[in-house]
Structure formats: C-alpha cells, structure tokens
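Values reported hereafter were calculated over all heavy atoms of this structure, with side chains retained and with hydrogens, waters and symmetry mates removed. Just so we're on the same page: letters track the sequence lines, and every chain starts at 1.
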There are 2 protein chains.
Amino acid sequence: MELPEGKVKSGALFWCCCSLSWHAEAVDDIDSTAGKSRPLTPRQRARVQTVADIVRLGRQHLATDGAAALSLRAVARDLGVVSSAVYRYVESRDELLTLLLIDAFDELGDEVDAAVGEAPEGDHFGRFAALGRAVRTWALREPACYSLLFGSPVPGYNAPADRTTAPGTRVIVSLIGILESASRAGCLAAAGPSPQLPPTLAGNLAAIRKQFGLAMPEELVARGVLVWSSLFGAVSFEVFNQYGPDTFTAPAELFEHHLSVLAGVAGLPPAVG
Amino acid sequence: MELPEGKVKSGALFWCCCSLSWHAEAVDDIDSTAGKSRPLTPRQRARVQTVADIVRLGRQHLATDGAAALSLRAVARDLGVVSSAVYRYVESRDELLTLLLIDAFDELGDEVDAAVGEAPEGDHFGRFAALGRAVRTWALREPACYSLLFGSPVPGYNAPADRTTAPGTRVIVSLIGILESASRAGCLAAAGPSPQLPPTLAGNLAAIRKQFGLAMPEELVARGVLVWSSLFGAVSFEVFNQYGPDTFTAPAELFEHHLSVLAGVAGLPPAVG
DNA sequence: GAGTTAGCGAGAGCACTGCTCTCTAGAGGC
DNA sequence: GCCTCTAGAGAGCAGTGCTCTCGCTAACTC
C-alpha cells in the first residue's frame, strides 16, 4: 500500500530547516549545550559514541545484506549487546534506516562537492563531468547505499521528509549551480530544437527558476532535469547490472560517452579550450 | 555480499533458450505431452491452476507490500492453505520471485509491443514515443513490479539468467528495432557533435551491431543505449518519487518533453510530417 | 474392481526477525 | 557517600522462511 513512497517527500527541489526526531533531538541538545562551552558529560559522550557505532555497523550490514535485510538484532550482536539494548539508542529499525539514509546522502553530497570543487571555475563541462563521475564512483563503491537512496523504496518505510530533503537534494542543487553559472557566462545553449513547453510544465519550471533565482531559460531547466534523471538512470543500469555482465567490458568508457552526450543535451559546450 | 547482483545476468543484449527449473520443467513436460494430444490429467490441471493462483496472489502481495516483504505464508493464508503446502508448488520464496519477475517482464514487453505496433510503420518518432509512454504507463500502474525489475536487487535473491534474460530484454530489443528501421529509412542522424569512441567501447558496440545485424553506426548504437537508460532513469525518478510531490504537478508533460529531447539524442527527427 | 503409489495438506518445529515489557546492577550526578 | 536514573539483560509476542513427518485420498496399474 505504501510501497511507492519516495525518499524525498516534500519538494525535492525545496528544503527547509531539519526538525530532528527524539533521538536526534537529544544529540542536538547536546550539541547546542556544547556550543555554550559546556563539555559533554561522560554519559553523553558514551551515548554519542554508541549511536555512531550503531550507524557504522548498520552501514556494514547494509553493504553486505541490503536495506530490506538490515537487522537490528544482527547489529546488536556485532555491538556485543542484547537486541533490546539498541532500542535505547535507536527508536526503531526505520529510525536506523533514516540515519543511514542521511549518512549516505551526505557522503555522496560531500564527494560530489569535492569533485566539482577541484575543477576550474570556468570549466563548466569539467565541473559537470566531475559531478557525474563522482556520482558513478560513489555508487559503484557503495552499491547498497546507492540502492537505498535511488532504488526501490524499502517496504513499509517512509523517510521523514524534514530530515532527508536537505541532504537528498545536494546533487541536483550542485548540478543546477553548474548549469546556471555556465548560463551566466554565456556558455549554455541547447544544441537541438527545443519542444514547446505546455503551460503547467512551464509554470513548474518558472517556480523552480524563481526559487533558485535562475537566469537560465525554462527550456534549459527542463533539460537539466532530464540530464539529472538520465545521469542516475545510467548509473542505476550499471549498479543494478541491467546491461548484463558481458555487454560492456569497459563501462567507464560508456559512461564517459554518455557524459559527453548529456553535456550537449544540457546545453554545455563539450570541453574547455 | 550478493546484493549488487542484477536481474539480467548473462548478456542483457544476448539471450538463448530458456532452461526451466524443476517445477517449471514439470509444467513443461505437461505442455510437451499435451502437444502430443494427450490431455492433462486432473492432477496436472489442478497443479497448473494452483501455481497460477499462487502467482496471482503473489502479485497482489507484491503490489501491496513490495518484493522484500513478499511472504509465502501470507500467500498460503490467502490460498486457504497451511504454509508448508505451497512448497509443493513453489520451491522457495525466491522461486516465486522468479515467477513474478518473468510474469512482470512479459507483461511489460507485451504492452510495449502492442503500443509500438499501433503506431504507423514509418512514424519512427511515434513508435519511439509509444514505447516510452508504454513503459511509463505500466511502471506507474505497477510500481511494485517496476521496483522488482528495475529497482534495487532483492537481498539474497539472484535471478536465474537463463529464465529471465529473454523476457528482460524485450524493451531494449524493441527500441533497437525502432532505431534500426529509422536508420535504414535514412531518418537517423545525431543532432549534436559525436564524441570519439574509445577502442574497447567501439569493440563492444561492434559486437552488438553484429549480433543484431544493425546497419546503424556504432555512435548511434551508443546513443541508443544512453536513451534506453535515460528513459528508465526518468521513469524511475517518477515512480520512486525522487522529484518530490510538489515540484512537477503535471509529470506527464515533463515526460513528453523528455521524450522529445531523447528522440533528438537518439537521432530521430522530432515528428512525422 | 482391488491394490499400490504418489501427491497433497496439516501440523509441529527450528532459527530468525522487530519490538515491548520488566527487572536489576551500577555508573553518574549531586 | 547517597540517590537517581540509565543501560543492558532476558523473557515474551507475533511474525517470517523453510524442513520434516504423518495420514489421507485421489489417481494410476494390473
């Protein structure tokens, strides 16, 4: 019934302040009091450490068993503790999934930001390609995390939008930033003919432009959205093995080809001079 | 450990004769003897009917609970039978998943073929768009099946390649057929500049061309693969709710836009005159 | 038609899951 | 040094996949 719920619930291109759950609130309180130069008590330190251990072990299990098979009891065993004890730190299995979701989204976001940041400011294609390669590299390294974020929804699990929307939108925000700065530099123009935009879609795209203060035209925003979903489509096909094992023996070459073509779709010039 | 295994194991663009498993073999034997005009025995008829009922109930549960939560016990309850009884008909939960996988692949393939067949032979864009719309329509109607086929792999489950490869490749085979006939009609040409193909990728694409007897150049085959993964990327984003609920209020319009752009990427002229 | 066989369903059981509850020991805070 | 309060243990409930045995009976064989 609630299977087809997505990970990013309210406005993937929107986000607001994170209101944290009860456990996270506790940590948040700790942090805020720590900000007032009061050090953590030993109990608080132990608690933070234990939650971190649980997330770390959870990620290991996620990598080996997958999201749907993630077992709190197994995590408890690895932690050297009885199963009921972990409920002191994590409200439920879903809460642990949420923590892992945020962890993974942030790791992906960090790696994408770092990769994009390494390319020169004016090399728009280079920054776009760096983003794409960072997504692919992370996805291939962490297939279970990638599945959790971009694969089928975990049955019965609904990600809390207020905690996952911000980390979950970092890649598209970064991509839009790259395209927008190319547009402002006069380096963004659709190669082929552009279809006429129907009114509702045009309105949605106008809202996105307004929200981000974009100078690029709506048609190019629409193409950016297509490139975004196409990028993840290509990565998903590779991570989920949809090509079959023998069809492409050098998948990185195929991906580079796709990146070149997609850059053209987005309106980016193929390379810097 | 075995999570990141895909659904289509050996050569997604290849396929061979299906060798069926023990249960399916039994049914196969029935069919072949039936071919010799010997009617099914009452037991055999009952057996075929029961397996069909199990698959039907399994699909219902798949739709409501998702693949990872698919429970043989629940299916048994709905069948009005104790859980151990269904093991007479289905080897394991994984076997049921395989049956559902094949069922879903075939349903998708049938609907795509029917949609493509309705468009005029020479309307290459129309046939391409019909394929895309059929995939999207089916995916939105059967999100759980779509998740099973194109979402994260089910943990611990490995689809048997010999039984799933043929039904699993029907969409890409259809897409390649559309592009090839456009190419033979002289209606296929890449719009933008084409990147140089590195040797390994060129070799893989040459193998695909040879396998299908394609006249279209390798660069256009590569673009076809990109369009294929992009199509499913767009559908996945919509089915898995990656856009957020409020970003695009008319997702069909967005998809139509994507189809137009993707047709250009593949080298198809936007519409028939 | 009698005898045999094979398939079928029931039921118990094992190991596992998420999660709740109660109880106790002892570390932390005063 | 005392008291509180938290962390962990352990039992228990309801569910899962799957295996095994047992008895019934429909179907096949002679």
Side-chain angles (χ1 to χ4, degrees), chain A residues 22-23 26-27 29-30 33 38-54 57-58 61-62 64-100 154-158, chain B residues 22-23 25-27 29-30 33 38-51 53-54 57-58 61-62 64-100 154-158:
Chain A
W22 64 282
H23 278 105
V27 175
D29 285 348
I30 292 167
T33 55
R38 181 140 63 88
L40 294 179
T41 66
R43 270 197 173 149
Q44 286 171 325
R45 256 187 292 117
R47 181 173 190 87
V48 168
Q49 182 59 48
T50 305
V51 172
D53 285 347
I54 289 174
L57 290 170
H61 281 94
L62 186 66
T64 53
D65 306 317
L70 179 66
S71 155
L72 262 183
R73 284 183 120 107
V75 170
R77 271 196 299 274
D78 282 12
L79 203 65
V81 123
V82 97
S83 75
S84 59
V86 298
Y87 286 87
R88 299 275 178 205
Y89 303 94
V90 171
E91 193 180 20
S92 67
R93 181 176 164 279
D94 285 3
E95 167 78 12
L96 177 57
L97 269 181
T98 301
L99 292 177
L100 293 171
V154 180
Y157 170 68
N158 282 315
Chain B
W22 65 283
H23 278 104
E25 268 165 19
V27 174
D29 285 348
I30 291 167
T33 54
R38 182 141 61 89
L40 293 180
T41 67
R43 270 202 172 147
Q44 286 172 325
R45 257 187 292 114
R47 180 171 190 86
V48 168
Q49 183 57 50
T50 306
V51 172
D53 285 348
I54 289 174
L57 291 170
H61 281 95
L62 186 66
T64 53
D65 306 319
L70 180 65
S71 155
L72 262 183
R73 285 185 119 106
V75 170
R77 269 195 301 274
D78 282 12
L79 204 65
V81 123
V82 99
S83 76
S84 60
V86 298
Y87 286 88
R88 299 274 179 206
Y89 303 95
V90 172
E91 193 181 22
S92 65
R93 182 177 163 277
D94 285 3
E95 166 79 11
L96 178 56
L97 271 182
T98 301
L99 293 178
L100 293 172
V154 180
Y157 171 68
N158 282 317

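For B:Arg47 against B:Arg88, the heavy-atom pair with the smallest separation is NH2-O, 2.8 Å. Considering all non-hydrogen atoms of both residues, A:Ser83 and A:Ala76 come closest at CA-CB, 3.6 Å.
With rounding to the nearest 0.5 angstrom, the CD1 atom of B:Ile54 is 10.5 Å from the CD atom of B:Gln49.
A:Leu70 comes within 4.0 angstrom of the backbone, heavy atoms only, and of no base.
A straight line from CG of B:Leu96 to P of D:dG17 spans 10 Å, rounded to a whole angstrom. Distance, B:Arg88 CZ to D:dG23 C1': 12 Å, rounded to whole Å. Whole-Å rounding puts the A:Arg47 CZ to D:dC5 C1' distance at 13 Å.
Within the 4.5 Å cutoff, side-chain heavy atoms of B:His61 are placed close to those of B:Asp78. Side-chain contact check for B:Leu100 versus B:Leu70: some heavy-atom pair is nearer than 4.5 Å.
Residues of residues 73-84 of chain A that place a heavy atom closer than 4.0 Å to DNA chain C, in numerical order, are A:Arg73, A:Arg77, A:Ser83, A:Ser84.
Once you apply a 4.0 Å limit to the heavy atoms of chain A, the touched nucleotides of DNA chain C run 5' to 3' over C:dT17 to C:dG29.
Residues forming a side-chain hydrogen bond (donor to acceptor under 3.5 Å, both in side chains) with B:Thr98 (at least two apart in sequence, or on another chain): B:Tyr157. Under the rule for a side-chain contact (heavy atoms from CB on, under 4.5 Å), A:Ala46 has no partner lying at least two apart in sequence or in another chain. Every residue two or more places apart in sequence or in another chain that forms a side-chain contact (heavy atoms from CB on, under 4.5 Å) with A:Ser71 is listed here: A:Arg73, A:Ala74.
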